[in-house]
Amino acid sequence: MINADSAQVYRDLRVLSARPREEEEARAPHRLYGYRDGAEPCSAAAWATDARQAIGEAHSAGKLPILVGGTGLYLRTLLDGIAPVPAIKPEIRQEVRSMPVEKAFAALVREDVHASHRLRPSDTTRVARALEVVRSTGRSLADWQRDKVGGIAAEVELRPLVLLPPRDWLTARCDRRFEQMIGAEGLEEARLLLERRLDPQLPVMRAIGVAQIAAFLRGEMSREEALAAGRTATRQYAKRQYTWFSRQPPEDWPLFDKPLDQPSAHEEALALLLP
């Protein structure tokens, strides 16, 4: 089992990322789960490099590598490759990353209007990335992405399966999940993470649940307020993921759209995966 979830790569986030429990990991070899320190951001390119190695090791051992997770950018980078963008000039990166997102997006409208049409104005990370690339290289990120390298799609036999259960079923699961996250183990995990005083812009600090639980621990929210805010954030993220996996994967990728806890779900999903 090879992780393809961008939150589950961090050691700091077992409970808050719903990473497999230790007893679950003991049932079969698990790779790329909790293998990164939260102080070191894991890019899609870095993960894809690690995933290629894990896949190669599984093949060498005569095992079937199974990738599990919903970070579309990770999967796309692994399969299709990544744009060979040169290293960003440090002074440009510092300037762009220190901008408020509103100012950065306004600059992006002027300097790469096509990127501004694709991105949400509030998307701090992607807006900054698009702006720093065009400023540092003179080419848009979309232009670079037409020359991707390093993908493995042509080298492997892929058996994909996209899980898109009914939205109401998924929403109820999201609500229950966050209620579990704000229990004793989740609170302790968040407390230990906050004690590290990491940069709040790091991915580990922006994981769903961290900000809401941190506000509760600091006395800025009641438990019910933190629970409501966390549920809302989880639902919003699930909606974006649902939309992405409804539209972005190739048309021939099979979809399983039934509740995952129904008695026949396992057999029906396998029938799609291994026709």
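Residue numbers count from 1 along this sequence.
- Of the charged side-chain nitrogens involved, none lies within less than 4.0 Å of a carboxylate oxygen, so that Arg93 and Glu91 do not count as a salt-bridged pair.
- The number of heavy-atom neighbours closer than 6.0 Å to CZ of Arg177, taken from other residues, nucleotides and ligands shown, is above 12.
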Step by step, work out the side-chain contact (heavy atoms from CB on, under 4.5 Å) result for Gln236 and Thr232.
-> CA-CA 6 Å; Gln236 290 171 339; Thr232 298; 3.7 Å; yes
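- Minimum heavy-atom separation, Ile55 to Pro65: CG2-CG, 4.0 Å.
- In terms of hydrophobic clustering, with Ile, Leu, Val, Met, Phe, Trp and Tyr side chains grouped at heavy-atom distances under 4.5 Å, Val156 and Leu67 are assigned to a common cluster.
- A pairwise comparison of heavy atoms in Phe216 and Ala226 identifies CB-CB, 3.8 Å as the closest pair.
- Atom CD of Glu267 is surrounded by more than 12 heavy atoms from other residues, nucleotides or ligands within 6.0 Å.
- Counting only residues at least two apart or on different chains, the salt bridge (charged side-chain N to carboxylate O under 4.0 Å, His left out) pairs with a member in residues 194-220 are Asp12-Arg196, Asp37-Arg196, Arg191-Glu195, Arg218-Glu220.
- Inter-residue side-chain proximity for Thr49 and Arg52 is flagged as met; some heavy-atom pair is nearer than 4.5 Å.
- Within the structure, the ring-ring contact (aromatic ring centres under 6.0 Å, His included) test picks out the following pairs touching residues 25-83 (sequence neighbours left out): His30-Tyr33, Trp47-Tyr74.
- Taking hydrophobic clusters as Ile, Leu, Val, Met, Phe, Trp and Tyr residues chained together by side-chain heavy-atom distances below 4.5 Å, Val68 does not share a cluster with Leu164.
- Expressed to the nearest 0.5 Å, how far CG of Leu13 lies from CE of Met205 amounts to 9.5 Å.
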Apply the test side-chain contact (heavy atoms from CB on, under 4.5 Å) to residues Ile182 and Gln212: give CA-CA distance (whole Å), side-chain angles for both, the deciding distance (0.1 Å), then the verdict.
-> CA-CA 9 Å; Ile182 206 168; Gln212 295 82 8; over 6 Å; no
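- If you check the side chains of Ser136 and Glu132, you find no donor sitting under 3.5 Å from an acceptor.
- Listed here is the closest heavy atom pair of Leu108 and Ala130: CD1-CB, 3.8 Å.
- Applying the ring-ring contact (aromatic ring centres under 6.0 Å, His included) test to residues at least two apart or on different chains, none of the pairs has a partner in residues 139-170.
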Let me see the working for Leu270 and Leu272 under side-chain contact (heavy atoms from CB on, under 4.5 Å), right down to the final yes or no.
-> CA-CA 5 Å; Leu270 277 179; Leu272 290 173; over 6 Å; no
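- When every heavy atom of Leu202 is checked against every heavy atom of Pro41, the shortest pair comes out as CD2-CD, 3.7 Å.
- Scanning both residues, Pro121 and Val127, for their nearest heavy atoms gives O-CG2, 4.4 Å.
- Side-chain contact between Arg139 and Val134 is absent, with no heavy atoms from C-beta onward closer than 4.5 Å.
- Residues passing the side chain to side chain contact (heavy atoms under 4.5 Å, CB included) test with Pro200, sequence neighbours excluded: none.
- Note: Arg146 CZ to Leu141 CG = 10.5 Å, rounded to the nearest 0.5 Å.
- Electrostatic pairing of Lys63 and Glu57 does not count as a salt bridge here, judged by no charged N lying under 4.0 Å from a carboxylate O.
- Contact annotation: the side chain of Ser6 never approaches that of Pro203 to less than 4.5 Å [non-hydrogen atoms, C-beta and beyond].
- To the nearest 0.5 Å, the span separating CD on Glu25 from CG on Asn3 amounts to 9.5 Å.
- Gln94 CD: 12 or fewer foreign heavy atoms inside a 6.0 Å radius.
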Could you go through the side-chain contact (heavy atoms from CB on, under 4.5 Å) check for Leu192 and Leu194 one step at a time?
-> CA-CA 5 Å; Leu192 292 173; Leu194 293 172; over 6 Å; no
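- Ion pairing of Glu24 with Arg21 is present here, as a side-chain N (NZ or NE/NH1/NH2) and a carboxylate O approach within less than 4.0 Å.
- Taking 4.5 Å as the limit, every side-chain heavy atom of Asp257 sits out of range of all side-chain heavy atoms of Leu255.
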Stepwise salt bridge (charged side-chain N to carboxylate O under 4.0 Å, His left out) check, Arg14 with Glu189 = CA-CA 8 Å; Arg14 179 181 291 277; Glu189 188 170 270; over 6 Å; no
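- Other residues, nucleotides and ligands contribute more than 12 heavy atoms inside 6.0 Å of the NZ atom of Lys148.
- How far OH of Tyr10 is from CG of Leu16: 14.0 Å, rounded to the nearest 0.5 Å.
- In this structure the side chain of Phe256 never reaches within 4.5 angstrom of the side chain of Val162, judged on heavy atoms.
- In this structure, the side chains of Thr125 and Gln201 stay at 4.5 Å or more apart for every pair of heavy atoms.
- Annotation: salt bridge (Lys or Arg N to Asp or Glu O under 4.0 Å) contacts of Arg235 (sequence neighbours excluded): Asp175.
- Using a 4.5 Å heavy-atom threshold, the side chains of Ile213 and Phe178 count as touching.
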For a quick test of your reading: what N or O donor-acceptor pairs under 3.5 Å do the side chains of residues 112-119 make, sequence neighbours left out?
from: Asp112; atom 1: OD1; to: Ala115; atom 2: N; distance (Å): 3.2
from: Ser116; atom 1: OG; to: Val113; atom 2: O; distance (Å): 2.6

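- For the residue pair Gln262/Ser264, the side-chain donor-acceptor check at 3.5 Å is satisfied.
- Using modelled atom types, one finds a donor on one side chain and an acceptor on the other under 3.5 Å when comparing Arg76 with Gln248.
- Atom CZ of Phe245 is separated from atom CG of Leu163 by 9.5 Å, given to the nearest 0.5 angstrom.
- Grouping the Ile, Leu, Val, Met, Phe, Trp and Tyr side chains by contacts below 4.5 angstrom, directly or via other members, places Val109 with Ile92.
- Gln8 and Ala18 make their closest contact through NE2-O, 3.1 Å (heavy atoms, listed as atom of the first residue, atom of the second, distance).
- The side-chain heavy atoms of Thr137 and Pro86, taken from C-beta on, include a pair separated by under 4.5 Å.
- Not a single donor-acceptor pair under 3.5 Å links the side chain of Arg231 to the backbone N or O of Glu179.
- No hydrogens or angles considered: nothing links the side chains of Arg19 and Ser17 as a donor-acceptor pair under 3.5 Å.
- In the hydrophobic clustering of ILVMFWY residues, with side-chain heavy atoms under 4.5 Å counting as a link, Met1 and Leu32 come out apart.
- In the hydrophobic clustering of this structure, Leu217 groups with Leu198; members are Ile, Leu, Val, Met, Phe, Trp, Tyr whose side-chain heavy atoms approach within less than 4.5 Å, directly or through other members.
- In this structure a side-chain-to-backbone donor-acceptor pair under 3.5 Å is missing from Thr77 to Ala45.
- Rounded to the nearest 0.5 Å, atoms CE (Met181) and OG1 (Thr234) are 6.0 Å apart.
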